[in-house]
Amino acid sequence: MILLQKELVLITKQAIAAAQAAGTLPEFDIPTTIPLNRPKKAEWGDFSTAAAMQLAKVARRKPLDIANAIAQHLPNSPLLGSHTVTPPGFINYTFDNKWLATQVDAILQTGPAYFDLTLGQGQKAQVEFVSANPTGPLSIGRGRGGVLGDTYANMLEACGYEVTREYYFNNAGKQMDILANSLRVRYLQALGQDEALPDDHYQGEYLADLGKDVAAEVGDSMLESAVGDFLPYAEAAMFKSIKATLARMNIHHDVFFNENSLFESNAVWETLATLDEKGFVYEKDGARWFDVSSFGHEKDPVLVRSNGVPTYRLPDIAYHANKLNRGFDLVVNALGADHKDEFPDVKLGVRALGMDDGKLDVLFNQFVTVKGEKMSTRRGRFTTLDELMDEVGADVVRYFMLMRDANSHLDFDLDLALEQSDKNPVFYVQYAHARLSSVQRKAAEIGLTREGGDIRLLVHESELGLVRKLLELSELLEMAVRDKAPHHLVWYARDLAAAFHTCYRDCRVADADNPDLSRARLKLMEAARIGLAKVLGLMGVGAPTEM
RNA sequence: GCUCACGUAGCUCAGUGGAUAGAGCGCUUGCCUCCGGAGCAAGAAGUCGCAGGUUCGACUCCUGCCGUGAGUACCA
């Protein structure tokens, strides 16, 4: 819970105790949690508590009487300006206007870190996302997981976690063999050989291009080379392309973890042996199975196939054990809905190993479709992230990927994304940032800056409304992290931009006839700009100073 | 069949067990001699899929049903 709410809860508890001491409330245990919520109407203040309704039973009084008794004993608090009691028993708290204005100076002094939280306490967190095998260009679906994972990592950092961004990939396995052979065929074709690409191979043009590149580089020296010799070329090229796509999206991983290393270090087989020792492995039909019955689950997954090759689950369990062994306090996977059945097995595997699977968390996302894709001329046009970014730009892609609850299907509205107008929510928010920047430039032209501004002059309803909206960022961040719901950022960014536009409309900032007020308002503009840039930064969307 | 999501304004979607359910788009109506009108203000628009239950209080939690989507491999 953030400081603001802690303070309000604290004074509410103190008031209850004081009312009891004064005899206006009977003796009862003061509840440890006091409900606090944002009221829907401005007239009900900034925060409300329904504590009196909850206490009605234990106090044996009407909620309204309890609320009045509590309100009468509320101690003074610098941030509390006034309070009211409304039926059926709400106590409404309104911030003090002077205190609100002081937060402008506080934001300027602390900078973007003003909005940060400390709930991570310097703990180590790891977020794994994208994790596509390097077999081709990234799809739009991977893009959503990538944006969600990266944004969640940003949010954790703002909460005080030390975050590692990780990409897990498999560079052995059947799919990579097919990739290598696809390249081999393309290479032979590039040299004029009459070689056909099998139907189950990768058909994309990108491999034909790569085949030509390899031919240009090594000539005909690989005519007789084995399939495996083509793998390094294919893998390197695919990763280069994937990393370039991710970089365009403002995504950068700290660690690229190779599944194969778990085999080389023998971790996979050691994991199997440990599970076996603990009695979780049995053999049936020549395969080795993971017995999850003791955890109350029914479907036992296969760990090792009857041909002796592990399924992906075994290395996945070994990988997550590896993560925990690296000392992460929190491990989050951003996964597509197609992994919903697998992740519980991984958690159980880690638990079976005797480790704390409570540290493992997951952020699932539903799939992405492109609105209009099925229409005639556009069919199949926007299948890769790069193509989508070519069309609408990285900022729009990130913003749109974040707009919906991750649990909901996302229908990417291409027409709206292409709209360079007020209809496009990205431009609305970015325009606010540009305007916040431009008004400060404009003021400077007539010799006005925020230096020496007196925030006590900020008394207009719209000014204080903007400050209030800025103060919501921290609690919103807390909620979005807790619920693993990055989409809240998008809605907040829109609200903050709107609060600014209203203020801008009502309050002239750069006014040569009112230099003192101008300086105070310039402080507010910069505080708002810092806040807006903070949200955009969390979303990984650019904050332009002009458009 | 089973598992997991999602059903909220004409459309796209927000909504932390609290009060008279919100925003954008679209529609209607105002606002630039003035810092970026890519903006602001106001209005119309709702059986929160249906039916029960828990609770002082349910869009929110539980159960059932209906609808939509995804997953149900010795693929990843």
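Convention: sequence-line order gives letters A, B, ...; per-chain numbering from 1.
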Looking at A:His339, does any N or O in its side chain come under 4.0 Å of the phosphate oxygens OP1/OP2 on B:rA70?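 Checking A:His339 against B:rA70: no side-chain N or O falls below 4.0 Å of OP1 or OP2.
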Is the phosphate of B:rA41 approached by A:Tyr504 (side-chain N or O, under 4.0 Å from OP1 or OP2)?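 So the side chain of A:Tyr504 is outside the cut-off, no N or O lying under 4.0 Å from OP1 or OP2 of B:rA41.
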Identify whether any heavy atom of [X] sits under 4.0 Å from a base atom; if not, whether one sits that close to sugar-phosphate; answer base, sugar-phosphate or nothing.
{"X": "A:Gln175", "value": "nothing"}
{"X": "A:Asn92", "value": "base"}
{"X": "A:Met403", "value": "nothing"}
{"X": "A:Phe364", "value": "nothing"}
{"X": "A:Lys299", "value": "sugar-phosphate"}
{"X": "A:Ala287", "value": "base"}
{"X": "A:Thr502", "value": "sugar-phosphate"}

Backbone N or O of A:His339 within a donor-acceptor pair of the A:Glu342 side chain at under 3.5 Å?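 Checked: no pair found.
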I'd like the C1' distance from B:rU55 over to B:rA23, given in whole Å. 30 Å
Taking atom P in both B:rG24 and B:rU3, compute the distance separating them and give it to the nearest angstrom.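 My reading of the P atoms in B:rG24 and B:rU3 gives 40 Å.
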From C-beta outward on [X], which listed nucleotide comes closest to its side chain: [options]?
{"X": "A:Arg505", "options": "B:rC35, B:rC6, B:rG30", "value": "B:rG30"}
{"X": "A:Asp338", "options": "B:rA14, B:rC13, B:rG71", "value": "B:rG71"}
{"X": "A:Asn170", "options": "B:rU16, B:rA76, B:rA70", "value": "B:rA76"}
{"X": "A:Asp341", "options": "B:rU72, B:rA5, B:rG18", "value": "B:rU72"}

Run the salt-bridge test on [X] and [Y] with the 4.0 Å N-O cut-off and return the result as yes or no.
{"X": "A:Lys323", "Y": "A:Glu166", "answer": "no"}
{"X": "A:Asp341", "Y": "A:Lys299", "answer": "no"}
{"X": "A:Arg519", "Y": "A:Asp516", "answer": "yes"}

In dot-bracket form, how is RNA chain B paired, counting a Watson-Crick or G-U wobble pair only if both its distances are under 3.5 Å and using | for bases paired to another strand? (((((((..((((....[...)))).(((((.......))))).....(((((..]....))))))))))))....
Given atom CG of A:Asn365 and atom P of B:rG71, what is their separation to the nearest angstrom?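 Taking CG of A:Asn365 and P of B:rG71, I get 13 Å after rounding.
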With sequence neighbours left out, what residues match A:Tyr167 under ring-ring contact (aromatic ring centres under 6.0 Å, His included)? A:Phe239, A:His253, A:Phe256
